[in-house]
Amino acid sequence: DHVANTMPAPYYRFDGSNGTEIIVGDDPSIDFGTGSFSLSFRYLIPSGDTTVGWLCWKGATTSGGQGYGIINTSGGASRLLIGDGTDEIDLSAGTATNDGKWHSVIATFDSSTGVGNLYTDGVLDGTQTNASVGDKSNADDLYIGSNNSQEIIGQISDVKLYNLAL
């Protein structure tokens, strides 16, 4: 079935069931503390799919957790969450990507300005500023394709984390 895909392997396929996620683990190098960071990957969500699921997650929640993550919303757009347990960036992209095609997403957070940006296919798709966001460190594992309860249906490739705002 790789023949039907426009993205060459390797990529990871997720079917929306618990246990298909990738658990990277917890490491200080991916907590980012009070510093800047960026997260990038390519993904494909099936056409018309409205499943809410985490593309990448490390402690963030939709109600103010400590950490970061990107969730695929029921409308098919990406949503970036970055928080310190009190203050947060909660930023939804304007572009729906549940069209059965491969897309790239880059999320950046510049701790010196408090600016979070979300890019879809290389185009700035949303920005939000909250200079009060502090320490994002937590003891949660980094998950790809889930947050251990909300799994995606789709495919993910080329996950990269940077300790700077690209």
Side-chain angles (χ1 to χ4, degrees), residues 10-45 49 51-75 77-93 97 103-120 125-166:
Y11 56 85
Y12 297 94
R13 182 169 288 149
F14 303 91
D15 64 8
S17 62
N18 193 12
T20 61
E21 68 273 344
I22 298 169
I23 303 171
V24 176
D26 179 36
D27 188 274
S29 67
I30 56 175
D31 274 333
F32 304 119
T34 58
S36 299
F37 74 97
S38 297
L39 167 65
S40 72
F41 53 88
R42 294 185 46 76
Y43 68 106
L44 179 150
I45 300 296
D49 184 70
T51 303
V52 175
W54 289 88
L55 297 159
C56 187
W57 178 86
K58 189 169 188 328
T61 67
T62 55
S63 58
Q66 186 168 352
Y68 57 90
I70 298 179
I71 192 169
N72 188 61
T73 67
S74 61
S78 299
R79 180 177 171 194
L80 170 65
L81 293 122
I82 304 167
D84 62 10
T86 303
D87 294 298
E88 68 181 356
I89 297 283
D90 185 345
L91 171 61
S92 293
T97 55
H103 296 277
S104 65
V105 66
I106 300 173
T108 66
F109 179 70
D110 185 335
S111 62
S112 68
T113 61
V115 175
N117 290 315
L118 192 56
Y119 297 85
T120 304
D125 206 7
T127 189
Q128 186 178 22
T129 302
N130 186 341
S132 298
V133 173
D135 190 358
K136 300 163 289 299
S137 299
N138 61 61
D140 293 310
D141 289 331
L142 173 67
Y143 283 77
I144 299 170
S146 172
N147 70 340
N148 201 26
S149 66
Q150 290 178 293
E151 292 79 16
I152 67 155
I153 296 173
Q155 300 164 38
I156 299 177
S157 178
D158 301 316
V159 177
K160 297 175 183 158
L161 299 164
Y162 304 88
N163 63 354
L164 54 91
L166 297 175

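When all heavy atoms of L91 and G116 are compared, the closest pair comes out as CD2-O, 3.6 Å. Among all heavy-atom pairs drawn from T120 and A93, the shortest one is OG1-CB, 4.1 Å. Smallest separation of non-hydrogen atoms from Q155 and Y11: OE1-CE1, 3.0 Å. Contact detail for L55 and I156: the closest heavy-atom pair is O-CD1, 3.4 Å. The nearest pair of heavy atoms linking S38 to T108 is OG-CG2, 3.3 Å. Across every non-hydrogen atom of I70 and L80, the tightest pair is CG1-CD1, 4.0 Å.
Between Y162 and S40, some side-chain heavy-atom pair lies under the 4.5 Å cut-off. Using a 4.5 Å heavy-atom threshold, the side chains of V115 and T127 count as touching. Between V105 and L118 there is a side-chain heavy-atom pair separated by less than 4.5 Å.
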Open item on the list: Before you tell me yes or no, could you show the steps for K136 and D31 under salt bridge (Lys or Arg N to Asp or Glu O under 4.0 Å), namely the whole-Å CA-CA distance, both residues' side-chain angles and the distance that decides it to 0.1 Å?
Closed with: CA-CA 6 Å; K136 300 163 289 299; D31 274 333; over 6 Å; no
Open item on the list: With side-chain contact (heavy atoms from CB on, under 4.5 Å) as the criterion, how do S111 and T34 come out once you've worked through the C-alpha distance, each side chain's angles and the decisive distance to 0.1 Å?
Closed with: CA-CA 7 Å; S111 62; T34 58; 5.9 Å; no
Task: Chi angles and distances behind the side chain to side chain donor-acceptor pair (under 3.5 Å) call for S146, N148 - done: CA-CA 5 Å; S146 172; N148 201 26; 5.3 Å; no
TODO: Would you check, one step at a time, whether the test side-chain contact (heavy atoms from CB on, under 4.5 Å) holds for I71 with L81?
DONE: CA-CA 8 Å; I71 192 169; L81 293 122; 4.1 Å; yes
Open item on the list: C56 vs L142, test: side-chain contact (heavy atoms from CB on, under 4.5 Å). Steps then yes/no.
Closed with: CA-CA 7 Å; C56 187; L142 173 67; 3.7 Å; yes
Open item on the list: Run the side-chain contact (heavy atoms from CB on, under 4.5 Å) test on E21 and E151 for me, step by step, so that the C-alpha distance in whole Å, both residues' side-chain angles and the decisive distance to 0.1 Å come before the verdict.
Closed with: CA-CA 7 Å; E21 68 273 344; E151 292 79 16; 4.0 Å; yes
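No close placement of the F109 and Y68 rings is indicated, their centers lying 6.0 Å or farther apart.
Not one N or O on the side chain of E88 forms a donor-acceptor pair closer than 3.5 Å with the backbone of V133. Remark: the backbone N or O of F37 is not paired with any side-chain donor or acceptor of N163 at under 3.5 angstrom. The main-chain N or O of N117 is never found under 3.5 Å from a side-chain atom of Q128 such that the two would form a donor-acceptor pair.
Here the CD1-CZ distance, from I152 to R13, works out to 11.5 Å after rounding to the nearest 0.5 Å. To the nearest 0.5 Å, atom CG of residue D110 and atom CG of residue L166 are 11.0 Å apart. Distance check: I89 CD1 to I82 CD1 gives 6.0 Å after rounding to the nearest 0.5 Å. Between the CG atom in N72 and the CG atom in D49 there is a gap of 7.0 Å [rounded to 0.5 Å]. To the nearest 0.5 Å, the span separating CG on L161 from CD1 on I30 amounts to 6.5 Å. Separating the OG1 atom in T51 from the CG atom in D15 is a distance of 10.5 Å, to the nearest 0.5 Å.
Applying the side-chain contact (heavy atoms from CB on, under 4.5 Å) test between K58 and each of D26, N147, D141, V24 identifies D26 as the sole match.
Between W57 and W54, the ring-plane angle classifies as perpendicular under the 30° and 60° cut-offs.
With 3.5 Å as the limit, one finds a donor-acceptor pair spanning the side chains of T97 and Y43.
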